[in-house]
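Side chains included, hydrogens not; waters and symmetry mates left out as well; all remaining heavy atoms used. Computed from a predicted model, the values in this text were never measured in an experiment. Lettering of chains follows the sequences in order, A, B, ..., and the numbering in each one begins at 1.
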Amino acid sequence: MNIIVLIKQVVATTNVKLNPETGTMIRDGVESILNPFDEYAIEEALRIKDKLGGKVTVVTMGPAQAKEVIRKAIGMGVDEGILVTDRALAGSDTWATAYTLSQVLKKIGDYQLIITGKQAVDGDTAQVGPEMAACLDLPMIAWVRKIEEITESTIRAQRLMDDGYDVLESPLPALISVVKEINVPRLESLKGKMRAKKHEPATWGVADLPDFDLIQVGLKGSPTRVMKTFTPQRQYNSEIIGGEPPQAAASLYQKIKAMNIVNK
Amino acid sequence: MIIKTDPAIIAGYLEDASGFIQGAASRLVIPENEDEVADFLREASAGNEPVTIAGGRTGVAAGCIPRRGSLLSLERLDWLGPITKTNSGNTISVGPSVRLETLKEAVKRAGLMYPPDPTEPTATLGGNVATNASGGQCFKYGSTRHSVLGLTLVLSTGERLTLERGKSSSQEDMLSYYLNSGRRLDCPRPQLGQVRVEKNAAGYFSAPGMDPLDLLIGMDGTLGVITSLTLRLLPAVPGIFSLAIFFSDPQAAVACAEVIRASSRGIKLRRGISPASLEFMDERSLALLRPDFPSLPETARSVLLIEQEYPAKREDAALTDWSDFLEAEDVPENMIWFAETEQDRARLRELRHALPERVNTLVRQRKLPKVGTDMAVPEDVFPGMLGVYYQGLEASGLDFLVFGHIGECHLHANVLPHNQVEYNAAKSLYLRFAQEAVARGGTVSAEHGIGKIKHDFLKLMVGEKGFREMARVKRCFDPALILNRDNVFPESYLRREPSPPPPGLTSNRPSSRINRGDIRR
Ligand SMILES: Cc1cc2nc3c(=O)[nH]c(=O)nc-3n(C[C@H](O)[C@H](O)[C@H](O)COP(=O)(O)OP(=O)(O)OC[C@H]3O[C@@H](n4cnc5c(N)ncnc54)[C@H](O)[C@@H]3O)c2cc1C
Ligand SMILES: Cc1cc2nc3c(=O)[nH]c(=O)nc-3n(C[C@H](O)[C@H](O)[C@H](O)COP(=O)(O)OP(=O)(O)OC[C@H]3O[C@@H](n4cnc5c(N)ncnc54)[C@H](O)[C@@H]3O)c2cc1C
């Protein structure tokens, strides 16, 4: 089975800084790591490969330094990596990203399963996977917490829901996004790390993608408009109720009741 | 100086990580500076009031828990001095209650490192020095002792002693100290028999030709209050990676550790094989971890965890050396985990730290203390000692696991008793192991220390004579015998020696004899 895993390089901090002019993320001078959810995607792909054989390829779209996350994936045991990078892609939003990645998948052609992370921890939209499934006209199972069964032509998986999970079955090829309940990602192996250090991923630009519509990508091709970015102000109002515990408790109860939170 | 007598506040201070529950103190004293420490101790000596010193209270041997008297908490002495460049490298001076993690962070920002790495980040440096603490990288860098270049000690007399490593020497069997007042304090070097291991937290340090400073490292607060420390810093290491090396044979990790140790010590070099730490977990340890770490290789029956440092631009060579070595040792690729980023190394550390935590959870469930060894033996006798552990443990039918610092021949054999009978069996097994370790030139406690709870085991090592030797040393430093009583050796050795009667007179005051009996256990 040929499995494609989509991976993204993200900033290591949760404290993302935005450029107030363009609404885009400031990436200079911050340490980058593999999107943690994508580690689960890689792990799941490697487990399927262990069972069914085949090949695991990772694809990332990003600047040249995104090679590092491909190397990390190679260290974990992935066979190949493709870096999609081009000046024309700078400023792409989720739609443009999903479009580009779909064109990459069309060029790869021979795959049975695409796995993405649930979401990227910096952009946080969780849109790229579903948008790609739409572009490629593939069935999608989002938020997979367990693959119950997989063969060369079908997959049955548990989709995490707020109140439990659904079991869905789909023919392949299909796209799934995975949540962290699905597995425990492996560390790199020593040999893997050595291979990874030498690995030069294939690098594709827009010129390498057949029928590529440049209008759909870059800042201009991105329908998302960032109107305003700001850090939400948190407000805390507190009142400390003093006195002896029984009186304090009674007074607290009256206040909660006055707020209509309890009505007994 | 802050003095508190509120029993509720004091109660919060009567605990460390030992589980010892017999703590009591009439007041809590918190000095703000060294002068206050000195004044307080002078008064306590005059009033014959026992004083127990508290640092971070993370000790595992109840060293900082008083049975009575005053508790002296050094928490306010937490100044961090500047980093000083000297001809022989960088040093830093700190107050005794600076926490290990605070120091590590501060020197890291300056591109330096403080090598000792005992696991507990909130322990204080005073505590680390008083217990000669050691961590995983002790394999390469030695215990805390090796990083102490000097200190100031306030004696119970209120006198101060400032010492620098290499600045004073000892005569044959006499250690001479020049107090800051100019008074010379002569102290016999304690005769404690031959311990052939470097990593040792059992009893006073003693070796022919020793630096007098070394007596004060690992003394468990019995000789004075450390009020300032000068520590050796090293340049930060450019790169480090960790490996978990799994073996499908339960014994293979031990055999491989022998090869790695021999290479690290320069006995039989294997190119590039000189890790900073070398740790081991056996089959039963892995079994205990498996539910929480389902990704552990299914066939793994033993594991070594190593950390390898490498110079700038030498990562490729370091990786190749380990890869070649492990290939020669027949370890398959999928049995070697690599971790280099902070996140990945933290995951490997988690594996290591999860083990004692799992053990503690079981202990709580079974409501009986674990019985865990802390012995280290010389390298040449280690395989024999390991045989003793496993034969004894397997024959006993008890629930056990073995893990720890195999680099320093220092493994923790932990028994988890289900009931009192098993607990007693474990205790007698422990005693036997301790005897075997001592007979081989080992120590009964390489890391955890003796404190108030392991006198019996130290006795196996140094005997009653050793206790008397240490009490003699204590008397030189602490003539009122007030400091950290019952630490290292039993209080009963601290009775006042009757001063020899003046010539021609016989003593007619038997009272000291009666007192002696009172405090004997
Ligand atoms: C106006 C605008 C301009 C932007 N300009 C830039 C820019 O110049 N440079 C830039 O890096 N980002 C830019 N972004 C952000 C970028 O569009 C998103 O980060 C990206 O589309 C992924 O969305 P997300 O982070 O929410 O990922 P999610 O949709 O949350 O990610 C889900 C999963 O999709 C996959 N995935 C997501 N992104 C990628 C990727 N790039 N390659 C491979 N797989 C992926 C992963 O498997 C991931 O787990 C811009 C966004 C906007 C709105
Ligand atoms: C989770 C955990 C992990 C641990 N891991 C390790 C480990 O890897 N290696 C290890 O060696 N230990 C370890 N320990 C034990 C403990 O952290 C060490 O013994 C540490 O050195 C104690 O420091 P402390 O500041 O907490 O000292 P305390 O517990 O307060 O005191 C320890 C002893 O030192 C004396 N003392 C403290 N400060 C001074 C001073 N300034 N002058 C004179 N005497 C003083 C006290 O009176 C007492 O006798 C661990 C403990 C825990 C809870």
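- The most heavy-atom pairs under 4.5 Å with chain A, out of B:Leu348, B:Leu319, B:Ile245, come from B:Leu319.
- Counting non-hydrogen atoms of other residues, nucleotides and ligands closer than 6.0 Å to CZ of B:Arg265 gives a total above 12.
- Neither the backbone nor the side chain of A:Lys198 comes within contact range of chain B; no heavy atom of the residue lies under 4.5 Å from a heavy atom of that chain.
- Under a cut-off of 6.0 angstrom, the local environment of NZ in A:Lys180 is sparse, with at most 12 non-hydrogen atoms contributed by other residues, nucleotides or ligands.
- Contacts between B:Asp316 and chain A at a heavy-atom distance below 4.5 Å involve backbone atoms as well as side-chain atoms.
- Surrounding NZ of A:Lys146 are at most 12 heavy atoms belonging to other residues, nucleotides or ligands under 6.0 Å away.
- Residue with the most contacts toward chain B among A:Pro36, A:Gly75, A:Pro185: A:Pro185 (heavy-atom pairs, distance under 4.5 Å).
- Checking A:Lys193, A:Arg195, A:Lys191 one by one against B:Glu333, the salt bridge (charged side-chain N to carboxylate O under 4.0 Å, His left out) holds for a single residue, A:Arg195.
- Around CZ of B:Arg314, the count of heavy atoms belonging to other residues, nucleotides or ligands within 6.0 Å does not exceed 12.
- Within residues 335-347 of chain B, the residues approaching chain A closer than 4.5 Å by heavy atoms are, in numerical order, B:Ile336, B:Trp337, B:Phe338, B:Ala339, B:Glu340, B:Gln343, B:Asp344, B:Arg347.
- Taking a 6.0 Å sphere around CD of B:Glu258, one finds it holds more than 12 heavy atoms contributed by other residues, nucleotides or ligands.
- For B:Glu298, the CD atom sits in a loose shell: 12 or fewer heavy atoms of surrounding residues, nucleotides or ligands are nearer than 6.0 Å.
- Crowding of B:Lys4 atom NZ: a count of heavy atoms from other residues, nucleotides or ligands under 6.0 Å not exceeding 12.
- Atom-to-atom distance recorded for B:Asn334:CG and A:Leu190:CG is 12.5 Å, nearest 0.5 angstrom.
- Applying the 6.0 Å contact sphere to NZ of A:Lys197 captures more than 12 heavy atoms from other residues, nucleotides or ligands.
- In this structure, B:Ser295 and A:Val184 approach most closely via the heavy-atom pair OG-CG1, 3.9 Å.
- At a 4.5 Å heavy-atom cutoff, the contact between B:Leu326 and chain A is made by side-chain atoms alone.
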